[in-house]
Amino acid sequence: MKDALLVDLFWQRDETAVETTQKHYRAYLHKVAYQILGDELDCEEIVNDVYVALWNSIPPHRPENLRAYAAKITRRLAIKRYEQKTAQKRVASEYAVSLEELREVGGDVAAPEEHPEELGRCISAFLRERTPKERRIFLRRYYYADPVEQIAKGEGVSASAVYKTLGTLREALRTYLIKEGYSL
Amino acid sequence: MKHEELSRALEFLDEDLLLEADAARTATVVRGIHRPHWKQFLKQPRNWISAACILLSVSLLAVTLLLGSMHGFYLGPLEIPNGETGEKKPSNLWEQVISFENMPNSSEEFSEWIQDENCVVREGLVITKGNELLREFYLTTMKKKPATLIGINKSSDSTSMLFYEIVYDGQTYLCTTFEDGDVSKKKVEEYRFLNSESEIFGGELYQTFVLTNYEDIYWSDISRDSLRSDAVYAHCVYLLFLGYLKIN
């Protein structure tokens with residue numbers, strides 16, 4: 001079923017919308033959550049929470065791409081759960097590793113003046129200046145928290161090449177953000 | 001700015017960028033589930049090595065099977081001894097393949113040699129070495145039936161050469177010792193003149209090692225078969241290598 005029809009079902013408050021979403025996207029959403037949390041049980045809970053969130057947010061929202069929209073919610077909820085868990089103990093997941101890598105760009109000092117939406121737009125602008133391949137590598141690593149080996153396989157390059165690209169991108173992003181007035 | 005904030009900010013990236021990455025990601029997942037497309041397969045240098053190994057492996061297997069079906073399979077030792085010194089005795093490669101009856105009246109050298117319990121093996125070598133047609137004859141015909149050695153004749157210079165005939169299936173075949181092809185040809189001609197009643201296989205001259213050079217011959221045959229063994233072993237090595245690539 002196409003996403004538009006599925007969104008229509010949500011809008012009509014048809015409960016089969018959740019079942020259909022589950023049927024089509026459960027594995028995908030589970031994978032998104034797993035890369036961040038690295039725990040099957042947590043992922044199951046998060047994915048179930050995503051269905052509820054979709055039910056509650058559509059309407060009023062009408063996402064053009066339900067898959068991306070659901071992935072975004074999954075990521076948000078998973079990161080929230082990740083932060084709760086890391087307050088108690090260290091979490092072993094691909095996201096934890098990718099987050100460590102981002103430390104090179106950001107840092108340890110909080111700077112509450114930045115708005116995430118604005119920062120997101122700034123990073124979008126940065127990414128548009130890069131090649132499609134670099135964009136894919138960056139987002140797969142830092143948005144979807146995909147393992148480097150998997151990214152390398154998808155791009156048809158070696159893992160070391162991906163690491164090198166990521167290093168270059170982090171450095172370039174840091175320079176870009178400083179230039180845009182961010183305090184790092 | 002903390003790096004966690006940076007990560008959270010990615011949520012607010014433009015949707016088309018996310019979709020672009022997601023499409024690439026999905027394609028990888030799909031490729032991971034299903035058999036990779038050959039174009040995708042050949043994109044990676046490591047796969048080129050795999051493809052070359054597979055091709056080589058299949059070729060080796062085909063050659064091995066072809067040679068094996070033509071000449072029989074041999075999975076003996078890989079070691080190829082020094083043919084000139086003949087320090088190591090070969091295994092009884094042909095012992096089960098050919099046998100002779102009616103041991104000949106022969107020169108002392110030949111009689112002495114023929115009494116050796118391994119003479120059958122050596123006779124086998126006599127046939128297999130030398131002219132390609134004669135070898136082919138052995139492989140296609142004599143291999144299947146026991147041959148009968150009925151006579152032996154000395155040449156004029158018996159110290160360096162020995163002629164003998166093998167009659168098999170109603171036809172007489174001439175074999176001889178020699179060190180040098182040209183000399184042998186000359187001697188065979190001489191023999192032919194002296195023994196005009198003999199038929200020579202195919203109306204041509206054949207040069208076959210026997211006696212004095214038998215060890216050389218033997219090692220040559222070992223080498224030939226070892227090549228097939230090499231192919232078999234090499235094939236196994238390549239399969240292991242492919243397995244290693246698959247695992248890694």
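Per chain, numbering begins at 1; letters A, B, ... match sequence-line order. Just so you know, these numbers use all the heavy atoms, side chains as well, and skip hydrogens, waters and symmetry mates.
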For each of R121(A), R135(A), E118(A), tally heavy-atom pairs with chain B at distances under 4.5 Å, and name the one with the top tally.
-> R135(A)
Residue L19(B) versus chain A: region with a heavy atom under 4.5 Å |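 Answer is side chain: those atoms of L19(B) sit under 4.5 Å from chain A.
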I would like to know whether D39(A) and Y82(A) meet side-chain hydrogen bond (donor to acceptor under 3.5 Å, both in side chains); could you show each step before the answer?
-> CA-CA 10 Å; D39(A) 184 276; Y82(A) 171 88; over 6 Å; no
Full working for salt bridge (charged side-chain N to carboxylate O under 4.0 Å, His left out) between R140(A) and D22(B) | CA-CA 8 Å; R140(A) 288 194 61 181; D22(B) 186 49; over 6 Å; no
Which residues in residues 55-80 of chain A have any heavy atom lying under 4.5 Å from a heavy atom of chain B?
-> N65(A), R67(A), A68(A), K72(A), R75(A), R76(A), I79(A)
Taking all atoms of both residues into account, what is the closest heavy-atom pair of R141(A) and P147(A), and its distance?
->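 Looking at all heavy atoms of both residues, the closest pair is NH1-CA, 3.8 Å.
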If only atom types and distance count, is the side chain of S124(A) paired as donor or acceptor with the main-chain N or O of L13(B) below 3.5 Å?
->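 Such a contact is absent between S124(A) side chain and L13(B) backbone.
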Residues two or more places apart in sequence or in another chain: which of them pass side-chain contact (heavy atoms from CB on, under 4.5 Å) with N48(A)?
-> Y51(A)
Listed partners of F126(A) passing ring-ring contact (aromatic ring centres under 6.0 Å, His included), at least two apart =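 Counting only residues at least two positions away or on another chain, F126(A) forms a ring-ring contact (aromatic ring centres under 6.0 Å, His included) with Y176(A).
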Please identify each residue that fulfils ring-ring contact (aromatic ring centres under 6.0 Å, His included) with Y144(A), with sequence neighbours left out.
->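 Scan of Y144(A) (ring-ring contact (aromatic ring centres under 6.0 Å, His included), adjacent residues dropped) gives none.
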